[in-house]
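In what follows, a structure is listed as structure tokens, so that the remarks can point back to it.
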Amino acid sequence: MNRNFEEIAAGTLAEALDKLKAAGGVPDDFEPKIVIERPKNPDFGDFGCALPMLMCKATRTAPAICGRNLMDKIQAPPGIFDEISFAPPGYINFRVSPTAWFEGLQAVCDIPDVGHGQKVLLEFVSANPTGPLHAGHARGAVLGDIVARLMKVAGYEVETEYLLNDVGNQMAMLGLSIFYRGRQALGLASEVDFPENGYRGDYIREIAARFVSGQEGRDFCAASYPEGAGRDDNPAVRFAAGLLTEEIRKTLDCLAIRFDHWFSERSLHDSGRVAFLVNRLLESGAAYRTDDGAILFSMEGDEDGEDRVVVRGNGVPTYFAADIAYHDEKARRGYDRLINIWGADHHGYIPRVRAAMGALGHSPSMLDVILVQMVTLTRNGEVVPMGKRLGRFVTLQDLVDEVGADAVRFIYIMRRADAQMEFDLELAKQKTMDNPVYYVQYGHARVASIVRKATGMGYQVPSFSPDLLSSLTLPEELALVKDLCRFPGIVAQSAANCEPHHVCFFLMELCKGFHSYYTKYKSSERVVSDDRDKTLARLYLVSRIKSVLGYGLGLLGVTAPEEMRCEGTDVES
RNA sequence: GCGCCUGUGGCUCAAUGGAUAGAGCAUCGGACUUCGGAUCCGACGGUUGGGGGUUCGAGUCCCUCCAGGCGCGCCA
């Protein structure tokens, strides 16, 4: 039984309002949106609504009068609210009975269905396989993975996808870089031959060395680099991209991120889909050919949008062309909604993708783009330069190895996506013990420890029974019960809005409440005591906290340890 | 020049248009005979970048200015 107190309160108010309308006290066309909120000050109650304020204008009476009138008509369903009261200047407040709250504990990990089976494709990371993932990719990767996890439990049918940009100039440059490093390894070229814009990372040398250790690689590097269509599709490119893709996959795996689909951009070219759709755009007039033979997509409907090149003058389609085909493909696969997570530097790209979808008969509004702002990586306060071509960057793998997957995930997801953030490597390592993720994990381990202790003494965690409540008389215990009951709503809302940071903050607050309760009563009212009834009741509460912490951490993809040991610290013994 | 994002205590960040703007870190002062001190309690700290506007009510919405970041390619 999942009781939604907000809905009940809203329904109660709506009924009272209807009665006032019927009595002629309120105009019939007054249809306010009844918003139930949680007052910051607990003295006001558990839920509140500013409906009397909204009624003022429609009725042309003071909010206090509106409130009184409303109060006269309110008939709440029995057994839920202990108190419903008017509070100046114009609020109606509801206090839920402890019994009703306590019953909510049974459903504390049942997330309400807000997705209603909506089919969603979530695309993220999608970095070029021209090098390892770097620290800058972490944010989008973690956000995408956690949004997917949240949406799944909130009733969405989510699939995740990584688009491999395995076509184009950057792939050609990858092949060329491998080619020259291979020639160097074979003694056929010197450093001065290396292309100016080539990828200079050490990983290129390593891959090239492996490439020329085989006969095909040696033959390839001994010949001249292919021109034309072979520039970005040849043995060197395929060899390097294959290895790099595998490395990307492994790094993501270390971060507990696994994709449902890996989609190859090349497949859209090979199948002729790109060319087919460009033709369709030409036929429909959405695109046109210029004098020099290029094909441009018309952004006419867009306010200040310039027309965008789809096919170059030399006949080679642009990335935009492939992306048009890709989004068409995604739309045709039967999803209700497409969500892309892009770096903020791609924001200018959104209108043209939407426009192209519209031109192909899809609804542009089915595409949502979550922009993640840049992360400045610093070490001891100094900005770490990032750039694949220079080969000087902190790889995501390094980051995970240094800081740990749990901390990386938690730190990146704590912030709203649309705010820039700074991530200092040394700080993240030095302050490991102050890291919020450890605070929550410690809370889980501590709760687990209590359950362990109790079961070691022969207790069993009881299942729900209303009788247990009579032993939970401390105000902090009721506060914990209320907090726990907030969890399903927090998850559902975070999923619906793609804002997972709320889950982090909730878990930290829950831990704080528990730690505080624990410390305050550790010498008087312990969980495990001589009083059997109290012990069982508190054991039930504690086990619910453990469930929520464990479930919540699981949604964040962070481990929930049963125990934590102090290791590597200089604690005096 | 145009566009997108951001501006909240010393620092990092919260706050579905609602009641007294909240946490953590840092600083200072406290708390352990028994379930994990990786904890807890308290203090200090704010004109929510400035100015207008909408509203019964604005950190939140609109306008404008200032500051920072990112875009504006026949790169991907």
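Bear in mind that the values here come from a model prediction, so they are computed numbers and not experimental data. Every chain is numbered from 1, with letters handed out A, B, ... down the list of sequences.
Note on A/V167: only backbone sugar-phosphate atoms sit closer than 4.0 angstrom, heavy atoms only; bases stay farther off. Counting any heavy atom pair closer than 4.0 Å across all strands shown, A/I36 reaches a base atom.
Comparing A/R416 and A/G168 along RNA chain B, the residue whose closest nucleotide (by nearest heavy atom) sits nearer the 5' end is A/R416.
In summary, the side chains of A/N340 and A/H327 do present a donor paired with an acceptor at a separation below 3.5 Å, with no hydrogens or angles considered.
Counting distance only, with no hydrogens placed and no angle test, the side-chain atoms of A/D43 and the base atoms of B/rA19 include no donor-acceptor pair under 3.5 Å. Under 3.5 Å, the side chain of A/D418 and the base of B/rU6 form no donor-acceptor pair of N or O atoms. Judged by atom type and distance alone, A/Q170 reaches the base of B/rC75 through a side-chain donor-acceptor pair under 3.5 Å. Put simply, the side chain of A/E563 and the base of B/rG36 share no donor and acceptor less than 3.5 Å apart. For B/rC74, the base has no donor-acceptor partner in the side chain of A/N314 [N/O atoms by modelled type, under 3.5 angstrom]. In the interface, the side chain of A/H346 is not paired with the base of B/rG71 through any donor and acceptor atom under 3.5 Å apart.
Between B/rA15 and A/H501, a contact under 4.0 Å exists linking OP1 or OP2 to a side-chain N or O. Neither OP1 nor OP2 of B/rA76 sits under 4.0 Å from any side-chain N or O of A/N128. Using a 4.0 Å cut-off, no side-chain N or O of A/H444 falls inside it from OP1 or OP2 of B/rG36. The shortest distance between the side-chain N/O atoms of A/Y439 and the OP1/OP2 oxygens of B/rC40 is below 4.0 Å. OP1 or OP2 of B/rG36 lies within a sub-4.0 Å distance of a side-chain N or O belonging to A/S449. Close to B/rA19, at under 4.0 Å from its OP1 or OP2, lies a side-chain N or O of A/K40. OP1 and OP2 of B/rG22 both lie 4.0 Å or more from every side-chain N or O belonging to A/R38.
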Please list, pair by pair, any protein nitrogen or oxygen found under 3.5 Å from a nitrogen or oxygen in nucleotides 41-48 of chain B.
{"unit_1": "B/rC41", "atom_1": "OP1", "unit_2": "A/S516", "atom_2": "OG", "d": "3.0"}

Nucleotide N/O of nucleotides 55-58 of chain B paired with protein N/O under 3.5 Å:
{"unit_1": "B/rC56", "atom_1": "OP1", "unit_2": "A/K57", "atom_2": "NZ", "d": "3.1"}

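Comparing the P positions of B/rG71 and B/rC11 gives an interatomic distance of 26 Å, to the nearest angstrom. Taking atom P on both B/rA31 and B/rU6, the two are 45 Å apart, rounded to the nearest angstrom.
The shortest distance between side-chain heavy atoms of A/Q170 and A/Y199 falls below 4.5 Å.
The closest donor-acceptor contact from the side chain of A/Y326 to the backbone of A/S264 lies at 3.5 Å or more, if one exists at all. At least one donor-acceptor pair closer than 3.5 Å links the side chain of A/R538 to the backbone N or O of A/R526. Formation of a donor-acceptor pair under 3.5 Å by the A/D232 side chain with backbone atoms of A/N169 is not found in this model.
The ring-ring contact (aromatic ring centres under 6.0 Å, His included) search around A/Y91 returns none, not counting sequence neighbours.
In the set B/rC70, B/rU16, B/rU20, B/rU16 carries the atom at the smallest distance from any side-chain atom of A/Q493. For A/Y442, counting side-chain heavy atoms from C-beta on, the closest listed nucleotide (B/rU39, B/rA14, B/rC70) is B/rU39. Listed candidates were B/rC35, B/rU20, B/rG69. Nearest to the side chain of A/Q420 is B/rG69. The side chain of A/H515 lies closest to B/rU39, out of B/rU39, B/rA38, B/rC35. Comparing atom distances between the A/I450 side chain and each of B/rC13, B/rC75, B/rC35 picks out B/rC35 as nearest. Out of B/rA19, B/rC74, B/rA76, the shortest distance to the side chain of A/P39 is found at B/rA19.
Look at B/rA58: it lacks any Watson-Crick or wobble partner with both distances under 3.5 angstrom. Pair check for B/rG1 finds B/rC72; Watson-Crick or G-U wobble, both atom distances under 3.5 Å. Here B/rU39 sits opposite B/rA31 as a Watson-Crick or G-U wobble pair (both hydrogen-bonding atom distances under 3.5 Å). Pair check for B/rA67 finds B/rU6; Watson-Crick or G-U wobble, both atom distances under 3.5 Å. Pairing of B/rA23, defined by two Watson-Crick or G-U wobble distances under 3.5 Å, is identified with B/rU12.
Both stacking criteria are satisfied for A/F44 over the base of B/rA19: a centre-to-centre distance under 5.5 angstrom and an angle between ring planes under 30 degrees. A stacked arrangement is assigned to A/Y91 and the six-membered base ring of B/rA19, with a centre-to-centre distance below 5.5 Å and an interplanar angle below 30°.
Ion pairing of A/E161 with A/K330 is absent here, as no side-chain N (NZ or NE/NH1/NH2) approaches a carboxylate O to less than 4.0 Å. A/D323 and A/R352 are not joined by a salt bridge, as no carboxylate oxygen comes within less than 4.0 angstrom of a charged side-chain nitrogen. Taking a cutoff of 4.0 Å between a charged side-chain nitrogen and a carboxylate oxygen, A/E6 and A/R38 qualify as a salt bridge. Ion pairing of A/E329 with A/R273 is absent here, as no side-chain N (NZ or NE/NH1/NH2) approaches a carboxylate O to less than 4.0 Å. Using a 4.0 Å cut-off between a side-chain N of Lys or Arg and a carboxylate O of Asp or Glu, A/E477 and A/K534 do not qualify as a salt bridge.
With A/S471 as the fixed residue, the side-chain contact (heavy atoms from CB on, under 4.5 Å) test singles out one of A/D533, A/D531, A/T535: A/D533.
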